[in-house]
Protein chains: 4
Amino acid sequence: MTRLLPKKFQTPMIIVNFKTYSEATGRKAVELAKKAEKASNESSVFIGVAPQFADIVVVAKAVGIPVFAQHIDPIKPGSYTGHVLAESMKEAGAVGTLINHSERQLKLSDISEVIGLARENGLISVVCANNPNISVAVATLKPDIIAIEPPELIGTGIPVSKAKPEVVTDTIKLVRKVNPTVTILCGAGISHGDDVAVALKLGTQGVLVASGIVKAKDQYRVLREFAKATKQ
Amino acid sequence: MTRLLPKKFQTPMIIVNFKTYSEATGRKAVELAKKAEKASNESSVFIGVAPQFADIVVVAKAVGIPVFAQHIDPIKPGSYTGHVLAESMKEAGAVGTLINHSERQLKLSDISEVIGLARENGLISVVCANNPNISVAVATLKPDIIAIEPPELIGTGIPVSKAKPEVVTDTIKLVRKVNPTVTILCGAGISHGDDVAVALKLGTQGVLVASGIVKAKDQYRVLREFAKATKQ
Amino acid sequence: MTRLLPKKFQTPMIIVNFKTYSEATGRKAVELAKKAEKASNESSVFIGVAPQFADIVVVAKAVGIPVFAQHIDPIKPGSYTGHVLAESMKEAGAVGTLINHSERQLKLSDISEVIGLARENGLISVVCANNPNISVAVATLKPDIIAIEPPELIGTGIPVSKAKPEVVTDTIKLVRKVNPTVTILCGAGISHGDDVAVALKLGTQGVLVASGIVKAKDQYRVLREFAKATKQ
Amino acid sequence: MTRLLPKKFQTPMIIVNFKTYSEATGRKAVELAKKAEKASNESSVFIGVAPQFADIVVVAKAVGIPVFAQHIDPIKPGSYTGHVLAESMKEAGAVGTLINHSERQLKLSDISEVIGLARENGLISVVCANNPNISVAVATLKPDIIAIEPPELIGTGIPVSKAKPEVVTDTIKLVRKVNPTVTILCGAGISHGDDVAVALKLGTQGVLVASGIVKAKDQYRVLREFAKATKQ
């Protein structure tokens, strides 16, 4: 069975992927996480952050909001120089991890293994899927959260608020057939508050965003706008 | 030109690779790094440590000895979710990085690029090479340090102190032909103090070790033994 | 919809993976394919062969039984030196292709893309899946054929005829829930005629075998034994 | 020692990489190879062709000019479904193989291993290197032929005949320091006969070309022009 998210993982949720942007590395990762915490506290909306591996410890100490790793490797403790261990992410303070982001895709068998490793280590799994077929396949692997990225919203730069609703609703429908309880995030096409509001109206339970927030001139203002939009 | 190591990178040197061993993850990484620092301070021998990505910040704060990353990716800041950025390792407190460890091998063009990225970010590059031909090829790329791993010392479990001397001296000779100044470490066959002493006598300037120290019952005792052996 | 197999892909079916065995390379690939054809003709049982890329043309000319590629890359015609093009396999004479064999695993998104490329080029897709979760995920991608490899039959060397029946029947049940029409092969634990018979009794529609036939002293005798066993 | 090329590998040489272009797949691969053979016979200039794996057998039967594989994997005969075996390429009729093409790059240790496998199987190794540093590293591995691809001639589209001569001569000088006898081809910036002539004048012993010939309206005319240009 798909594990239900712990209470503190209330939806709607916003997860901010820091990628390897210089605006969200090291000291700046902590600053951005603090802005996210402030926006979360003021709005009572769930906002999580996914900084780089080396920044997890410091970010997790600096803020009370949930911290995610960006990736873990399909390994157990042992001889794996340069790899990312679930146990290490957990001890560093992560509560979950992104898996199979389009910039860090995995073999199918590794996705399956990493979801299991996350579970064994008490980490929430957020698996990314970059088309409807893949979303369904991923949903059968029973991750905690799936971030769907309709191709119409990636390649083209069309925001979800301007796209045909079917682009999102069709994927949700397919995913729900094989997995009625998984939490679904919209993982593409999110640049403005409107996009967040529409993504939720179409049936997702939150958004996974990156540049829309990290690259914003005023990161805090956009975070607040996104949080507010979840209540429309 | 091969950059000469900064003064504080005095040789002989010992670098301890923590891999993803549970005995050297998180809190235990800090404990092991403190033992290494103690052994280094008492002996005035250079000992560096290479913990996992998430542990670099905490280890670098806890100890004064040099901290190395285990790997960096051939990327600049940008959209590379789940990758390891040189800038991030630097800001976390690393002074250098392992590259092309046999458990994390890179394409040739990526080794070349990562050596350049390390240099641009003020990180010492320690490139691993698992046979004589590869050692020579790596040496032409002008890393700061090369860790040679003669196959006779890897697959077979033969310690360097029991191996034919030519196994090491031949590789050194070949490397020196194309790169007279690179620092050369022995990266295999090191389990006891004797191995350290012999590795240095054969012409290397230090050792790269992992399980010999991390998996030891008394890590500190072995660290001290290794440090002492560098003075024989 | 899952495409129904063309008539000539009658079940039960036996597909022989030649891997890169020296006993099935070049001239020997043709010899083995001829034995498979003979066993197929004599028994009227469907036997397909999957030789190496370079051998497809010659094998497809030498025999009338179906020839499969062992892999295709997720590419369209263009600048992909050293890659395997669906169009090339088709023109060489292949009628289908293995995909995601445990020795040549793909990223999830590539499996999805390659199934599509196979279909566009009129190639039957045979996707391998090395545990029940992965089998279900693969089944949602609607390949023509799925080769299930229960872990109890891979790592352990237990033949399917000696294993607990649930090992196979549970996977079939899970696959059928998401894909009622896909052809299912047993892709592990097949060494003797008995294994073939049991695999079919448990509900699979055929077997994918390799060393059991390629490495046999008398390949023809074993092929005949396997063909006969499909009729028990 | 670098093995000297067999007599029939006379220089100057032209090797045509067919990539996975539709203009050079299957039946069209044979047609193009025949044009290359005609141009070679008429001019007495060495022209080799590198078709896709599945086309090697047919091309090698259709023409007398040397046929190269585009890639081989670092494997010996065994359980490597979907991989490319040196033995298979040899038996199919290849006399050599491209290695580490920029579209099919290898780990450093695999380049070293594949050069060895080529040699053991009597295949000429043509290793590609996409910048001067990498060219030198590759040269130390003693392949038979190295195809240098100066970055100024790749990214920018500048033909070698219009580039600063140093772009090529500097790389040659560096390569010659570590390997005085390796055959050097110019692997980028070749579109017209002039480029071939200049590449040779600058000190290379031939060219590796792809689209310049494969995509030409009149492939034979361009082949003849290239062959002629080697004599200027």
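Below, chain A is the first sequence line, B the second, and so on; all start at residue 1.
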Please report the interatomic distance [atom1]([X]) to [atom2]([Y]), rounded to the nearest 0.5 Å.
| X | Y | atom1 | atom2 | answer |
| --- | --- | --- | --- | --- |
| C:K28 | D:E91 | NZ | CD | 8.5 Å |
| D:Q70 | C:H83 | CD | NE2 | 10.0 Å |
| C:T25 | D:K90 | OG1 | NZ | 15.0 Å |
| C:I75 | D:E103 | CD1 | CD | 9.5 Å |
| C:Y21 | D:T81 | OH | OG1 | 7.5 Å |

Got more than 12 heavy atoms from elsewhere within 6.0 Å of NZ, D:K215?
yes

Bottom line for C:L98: the part with an atom under 4.5 Å from chain D's heavy atoms is side chain

Given the options [options], which has more heavy-atom pairs under 4.5 Å with chain C than any of the others?
| options | result |
| --- | --- |
| D:S211, D:G82, D:A210 | D:G82 |
| D:G78, D:G93, D:G26 | D:G78 |
| D:H71, D:K76, D:Q52 | D:Q52 |

Interface check, chain D: of C:A92, C:A24, C:S79, most non-hydrogen pairs under 4.5 Å belong to C:S79

Given C:A29, C:A94, C:S88, C:S22, the one with more heavy-atom pairs under 4.5 angstrom with chain D than any other is C:S88

Bottom line for D:A54: the part with an atom under 4.5 Å from chain C's heavy atoms is both

